[in-house]
Protein chains: 2
Amino acid sequence: MALGKDYVTQECSIARALEVVGERWTLLVVRDAIYGVRRYNDFLVHLGIPRAVLSARLRTLTEEGILEKRRYQESPPRDEYVVTERGAALWPVLRALGHWGREHVDAHRLRLFLHADCGGEVEPYGKCAACGTFVPVADVVMVPGPELDSAPADPVSRALLRPKRLLEPLETEPPQPAY
Amino acid sequence: MALGKDYVTQECSIARALEVVGERWTLLVVRDAIYGVRRYNDFLVHLGIPRAVLSARLRTLTEEGILEKRRYQESPPRDEYVVTERGAALWPVLRALGHWGREHVDAHRLRLFLHADCGGEVEPYGKCAACGTFVPVADVVMVPGPELDSAPADPVSRALLRPKRLLEPLETEPPQPAY
DNA sequence: CACCATGGGTTCGTTGATTGAACCCATGTC
DNA sequence: GACATGGGTTCAATCAACGAACCCATGGTG
């Protein structure tokens with residue numbers, strides 16, 4: 001979006017935000033990053049995104065300071081993309097989008113978000129229904145809802161079936177030895 | 001986005017929402033509609049969007065029930081696009097995006113949103129800072145912030161300089177006779 | 001009546017982005 | 001030595017966006 005014709009004429013912080021995260025796939029990459037996805041291959045299989053597009057999005061998100069690329073092992077060199085504070089600040093946007101999608105597109109309750117400290121459900125605009133505090137993204141635990149497919153095909157979706165705290169790295173199953 | 005390759009594989013209400021409003025320009029059209037823009041030409045000059053794209057977006061937003069096309073005069077036939085309840089429910093998404101844009105892209109305070117009942121400022125997640133109630137979109141008054149251009153070129157931007165309640169139709173100046 | 005302006009579009013050639021398949025490369029494992 | 005894995009790049013074909021031009025019905029002006 002930042003390429004070519006963009007929204008620069010718009011004197012508006014919504015337009016400014018969309019210049020950065022408004023391209024196709026971008027918000028889904030950020031969503032996955034907040035869910036704990038960090039590896040190129042995990043984004044790839046979970047999103048079903050073309051490789052070239054994923055590379056482009058990871059690069060611009062890194063340049064924008066929304067993800068941080070970091071080497072987590074040498075030999076063979078392996079990098080991961082970790083969401084920054086700036087990226088995690090997009091959580092309210094994603095929460096609002098998800099809420100709208102559930103209310104106005106498709107009523108299924110696919111995932112639930114709970115407050116780690118007290119177990120209360122996180123309300124659409126970020127408050128805990130039980131204790132009333134505003135729940136920071138790092139204190140949100142995501143659990144599968146009743147209508148989520150319980151045996152998805154890809155390993156990333158399977159890993160996301162286990163309750164997990166947002167931002168924490170996702171642990172995928174090690175590949176099964178084929179007996 | 002709904003055309004061709006889409007996000008249907010994603011079992012996620014965020015992806016569902018983005019299938020509907022994730023295309024280029026779409027959220028800016030909805031923003032303008034919530035600001036009170038209703039006429040084809042007003043969208044056109046305010047957004048600087050190509051006509052063909054605007055026509056396409058208005059059509060799909062109407063089909064999705066986010067805008068409603070209605071005839072406001074016969075002879076000559078004139079239609080306006082009015083935001084529906086479903087469209088107005090996107091306000092929290094836009095508010096969150098605008099907040100992120102202001103905090104993380106560009107610090108300018110371009111527009112302020114006040115609670116019509118008490119004059120308090122509406123906080124990022126929708127509560128009134130003064131009286132603490134959750135402010136519905138129809139009770140939000142938008143006023144220009146200190147850093148907004150006070151003499152913009154296009155008549156829609158000029159009309160948006162006057163304080164106005166969201167959702168209410170925008171009144172543009174009648175064309176000046178050229179003496 | 002002829003002419004131009006306005007609102008609300010459509011058509012079309014050009015440019016740019018997305019897609020999916022194929023390929024690449026360094027390392028590690030059987 | 002052969003193959004698998006992670007993390008990419010390249011490329012042709014397709015799709016969407018852009019912007020300029022055109023269209024049409026009506027209304028106002030000289």
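Per chain, numbering begins at 1; letters A, B, ... match sequence-line order.
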Looking at dG9(C), dG8(C), dC18(D), which one has an atom nearest to any side-chain atom of R78(B)?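 Among dG9(C), dG8(C), dC18(D), the one nearest the side chain of R78(B) is dG8(C).
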Considering only dG6(D), dG27(D), dC18(D), which nucleotide approaches the side chain of P50(B) most closely?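 Ranking dG6(D), dG27(D), dC18(D) by closest atom to the P50(B) side chain puts dC18(D) first.
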Are there more than 12 heavy atoms of other residues, nucleotides or ligands under 6.0 Å from atom NZ of K127(B)?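 12 or below, so no.
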Does Q73(A) CD have over 12 foreign heavy atoms under 6.0 Å away? yes
Under 4.0 Å between any heavy atoms, over every strand shown, what does R57(A) touch: base, sugar-phosphate, or nothing? Just pick one. sugar-phosphate
For a quick check of understanding: with a heavy-atom distance under 4.0 Å over all strands, which category does V53(A) fall into, base, sugar-phosphate or nothing? base
Rounded interatomic separation in angstrom, taking [atom1] from [X] and [atom2] from [N]:
X: R71(B); N: dG7(C); atom1: CZ; atom2: P; result: 16 Å
X: I49(A); N: dA21(C); atom1: CD1; atom2: C1'; result: 16 Å
X: E23(A); N: dA16(D); atom1: CD; atom2: C1'; result: 13 Å
X: D79(B); N: dT26(D); atom1: CG; atom2: C1'; result: 14 Å
X: L54(B); N: dA16(D); atom1: CG; atom2: P; result: 18 Å
X: Q73(A); N: dA26(C); atom1: CD; atom2: P; result: 17 Å
X: L58(A); N: dG7(D); atom1: CG; atom2: P; result: 10 Å
X: L47(B); N: dC18(D); atom1: CG; atom2: P; result: 11 Å

Distance below 4.0 Å between [X] side-chain N/O and [N] OP1 or OP2:
X: S55(A); N: dG7(D); result: no
X: R24(A); N: dA16(D); result: no
X: W25(A); N: dT19(C); result: yes
X: Y81(A); N: dG6(D); result: no

Could you say whether Y72(A) or A52(A) is positioned toward the 5' end of DNA chain D, judged by the nucleotide with the nearest heavy atom to each?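 Between the two, 5'-proximity favours Y72(A).
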Provide the full list of salt bridge (charged side-chain N to carboxylate O under 4.0 Å, His left out) pairs with a residue in residues 101-114 of chain B, sequence neighbours left out, each pair given once.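 Listed once each, the pairs are R16(A)-D106(B), R109(B)-E121(B).
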Hydrophobic side-chain clustering at under 4.5 Å (ILVMFWY, transitive links): who's grouped with V141(B)? Put none if nobody.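 Besides V141(B), the cluster holds L112(B), L114(B), V143(B).
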If you group Ile, Leu, Val, Met, Phe, Trp and Tyr whenever their side-chain heavy atoms sit less than 4.5 Å apart, what else falls in with L148(B)?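 Its cluster mates, by chain and number, are L110(B), L161(B).
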Y72(A): what forms a ring pair (Phe, Tyr, Trp, His ring centres under 6.0 Å) with it, not counting sequence neighbours?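 Counting only residues at least two positions away or on another chain, Y72(A) forms no ring pair (Phe, Tyr, Trp, His ring centres under 6.0 Å).
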For Y125(A), what residues pass the ring pair (Phe, Tyr, Trp, His ring centres under 6.0 Å) criterion, not counting sequence neighbours? H99(A), F134(B)
Can you give me the N/O atom pairs linking the protein to nucleotides 28-30 of chain D at distances under 3.5 Å, or say none if there are none?
none

Scan nucleotides 21-23 of chain D against the protein and return all N/O pairs shorter than 3.5 Å with their distances rounded to 0.1 Å.
none

Nearest-0.5 Å distance, CG of residue D79(A) to NZ of residue K69(A):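 Those atoms lie 5.0 Å apart.
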Sequence-distant partners of R59(B), salt bridge (charged side-chain N to carboxylate O under 4.0 Å, His left out), two or more places apart: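 Salt bridge (charged side-chain N to carboxylate O under 4.0 Å, His left out) check on R59(B) returns nothing, list empty.
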Salt bridge (charged side-chain N to carboxylate O under 4.0 Å, His left out) against R78(B), all qualifying residues, sequence neighbours excluded: none
Please list residues of residues 35-44 of chain B whose heavy atoms come under 4.0 Å from any atom in DNA chain C, ordered by number; otherwise none.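 Going residue by residue through residues 35-44 of chain B, the ones with a heavy atom under 4.0 Å of DNA chain C turn out to be R39(B), Y40(B), N41(B).
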Run the side-chain contact (heavy atoms from CB on, under 4.5 Å) test against A138(A) and tell me which residues pass, sequence neighbours left out.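 Here the qualifying residues are L167(A).
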What residue pairs, at least two apart or across chains, pass side-chain hydrogen bond (donor to acceptor under 3.5 Å, both in side chains) with a residue in residues 128-148 of chain A?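 Checked against side-chain hydrogen bond (donor to acceptor under 3.5 Å, both in side chains) - neighbours excluded - the pairs reaching residues 128-148 of chain A are H108(A)-E147(A), D139(A)-R165(A).
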